[in-house]
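Each chain gets a letter, A, B and so on, in the order the sequences are listed, and its residues count up from 1. Bear in mind the structure is a predicted one, so any value in this text is a computation, not a measurement.
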Amino acid sequence: MTELMQYLQNLLGVAWLPVWTLVKILVIVVPIMLTVAYLTLAERKVIGYMQVRIGPNRVGYFGLLQPLADGLKLLMKEIIVPSGSNRFLFVSAPILALMPALAAWAVVPFDDGMVLADVNAGLLYILAMTSLGVYGIIIAGWASNSKYAFLGSLRSAAQIVSYEIPMGFGLVCVLMVSQSMNLGDIVLGQSGSAGLLGWYFIPLFPIFVVYFISGVAETNRAPFDMAEGESEIVAGFHVEYSGMAFALFFLAEYANMILIAILTAIMFLGGWLPPFDIAPFNLLPGIFWLLAKTSFMLFLFLWFRATFPRYRYDQLMRLGWKVFIPLTLVWLVIVGAWMQTPYWLW
Amino acid sequence: MLMSFETLVFYMFAVITVFASLRVITARNPVHAALFLVLAFCTAAGVWMLLEAEFLAITLVLVYVGAVMVLFLFVVMMLDINLEQLREGFWRWFPFGALLAIIMVFQMIWVLGNRQTAETGAQVIKHAANYSNTKELGRLIYTDYVYAFELAAVLLLVAIVAAIALTLRRRKDARSQEPDKQILVKKADRLRIVSVVVENKENKSQ
């Protein structure tokens with residue numbers, strides 16, 4: 001393997017670094033896209049069974065080819081640009097939605113040292129990238145030149161800005177506890193002989209809950225899907241989109257879901273660390289544990305959607321500003337004081 | 001090789017920043033102007049990143065692009081701005097704007113042209129990969145510049161209190177819910193079960 005790499009390195013010369021980085025990017029992006037495709041199927045199946053239905057089962061065994069059929073169908077459809085819309089912004093909005101959702105994956109570690117960009121300010125970078133996703137939605141709503149789309153984008157802008165604050169405070173708590181903004185170091189800070197007792201979800205339990213719920217709100221998922229709100233504003237910001245442009249919004253939403261799930265797993269559930277550092281558990285590769293934890297968090301997303309009715313807009317704002325932000329602020333002070341005492345075990 | 005690549009990236013960012021800044025003031029559509037301002041912030045963050053100020057660069061994106069400009073766009077999109085009216089005021093405010101511009105140019109010359117800054121500031125000190133910009137910044141803020149920092153914090157706190165006080169004024173016509181009361185409501189408070197005498201058919205037919 002190393003000989004092959006050496007050979008390629010000599011062959012490509014200066015072009016080696018860009019080519020090798022591109023290969024690494026593809027190794028991350030292609031599985032994400034496949035996961036997105038099959039997450040849509042998993043969602044339909046899970047919600048189906050929760051509502052005592054079967055879900056898609058016609059295309060392929062157990063409906064396994066359904067995502068591919070859906071993708072193909074959307075590819076064949078015409079992209080209709082409404083008259084009176086701003087053409088350039090209308091087309092670039094889905095791209096702006098998807099781009100930050102994928103860019104954030106650059107700093108996500110999959111195993112010890114298995115990361116595209118091992119940057120010091122990884123946590124901050126994640127926070128910045130997730131906050132950029134709202135532009136796709138706002139611009140889509142405005143450029144469509146449609147009332148419903150515009151209402152959806154306004155709701156979404158206010159919602160995402162509100163829920164970013166508790167998320168940011170949550171990340172500050174993680175940063176305080178781990179003393180690092182590097183996601184790899186955050187995971188290593190949770191390792192130890194105590195196994196899952198050393199993970200940060202124990203000292204930061206309220207933050208863990210707030211972060212995940214804010215993540216659900218940040219990705220515009222049910223029960224916080226005010227931006228779409230089919231029963232109120234038809235489909236919200238993407239009402240005028242069709243074909244692949246519409247599909248890009250969905251790709252962005254699901255990529256963001258997976259990102260929030262994997263970040264929760266990394267920051268609070270010990271990332272790639274096994275729950276017990278003993279024989280049958282630590283023999284499995286780290287990436288297995290990371291993906292298992294991520295899948296569990298993703299299942300919660302689907303479970304929420306099948307269980308809870310949509311929030312009303314004022315209740316959503318109340319939850320964000322009057323419950324989550326004070327809670328995170330108080331816990332920030334508690335953790336800060338706790339860390340100065342000898343009873344801090346993490 | 002590496003140095004020239006960095007210079008190339010710097011000029012790319014610089015050109016985009018200047019272009020976007022110019023478009024902010026020349027774009028006819030206010031939403032386009034706001035979006036060009038977003039672009040200017042992003043490329044400015046890129047320039048800061050080249051200076052190894054990763055904390056400041058990402059914070060610029062996070063705070064200005066991710067929060068401030070979102071709210072800005074939120075407002076601008078809802079406005080119905082009449083460009084003609086805005087243009088009428090241009091020449092009236094021109095002397096004032098020109099004065100501000102001249103003062104800013106002189107301030108920049110004063111700082112950048114100063115020999116001390118020119119000698120030390122032009123050299124970017126390269127640090128090892130494990131050097132944490134954020135930690136150093138935090139240390140400086142809470143030691144050397146603690147008074148200035150606390151003063152800024154108090155200023156922001158006053159602004160927060162003022163903003164909340166302005167919106168929390170009691171209004172007679174505004175109705176709001178009290179969720180704690182809603183939760184405490186019991187069935188007996190709202191629902192009254194009345195037993196109604198059912199009329200039978202014989203009574204009806206009479």
Applying salt bridge (charged side-chain N to carboxylate O under 4.0 Å, His left out) to A/Asp185 and not counting sequence neighbours gives none
Using a cut-off of 6.0 Å, state whether more than 12 heavy atoms not belonging to B/Tyr64 lie near its atom OH. no
For chain A, which candidate among B/Val63, B/Val65, B/Val38, B/Leu71 shows the most heavy-atom pairs at distances under 4.5 Å? B/Val65
Are more than 12 heavy atoms, taken from residues, nucleotides or ligands other than A/Phe88, located less than 6.0 Å from that residue's CZ atom? no
Please classify the contact of A/Asn182 with chain B as side chain, backbone, both or neither, using a heavy-atom distance under 4.5 Å. neither
Which heavy atom of B/Ala67 sits nearest to which heavy atom of A/Glu164, and what is that distance? CB-OE1, 4.5 Å
A/Tyr135 and B/Val70: which non-hydrogen atoms are nearest, and at how many Å? OH-N, 3.6 Å
With sequence neighbours left out, which residue pairs that include part of residues 157-197 of chain B fulfil the ring pair (Phe, Tyr, Trp, His ring centres under 6.0 Å) condition? none
Looking at B/Met77, B/Glu54, B/Met69, which one has more heavy-atom pairs under 4.5 Å with chain A than the rest? B/Met77
Given a strict heavy-atom distance threshold of 4.5 Å, which part of A/Leu89 is in contact with chain B: side chain, backbone, both, or neither? side chain
Looking at every heavy atom in both B/Phe74 and A/Ala157, which two are closest together, and how far apart are they? CD1-CB, 3.7 Å
Counting heavy atoms not belonging to B/Met78, are there more than 12 under 6.0 Å from its CE? yes
Checking heavy atoms, do the side chain of A/Leu132, its backbone, both or neither come under 4.5 Å from chain B? side chain
All heavy atoms of A/Ser131 vs all of B/Gly66, minimum pair found to be OG-CA, 3.6 Å
Which atoms of A/Met181 approach chain B - backbone, side chain, both or neither, heavy atom under 4.5 Å: side chain
Within this structure, what is the CD1-CG distance for the pair A/Ile139 and B/Leu73, rounded to the nearest 0.5 Å? 7.0 Å
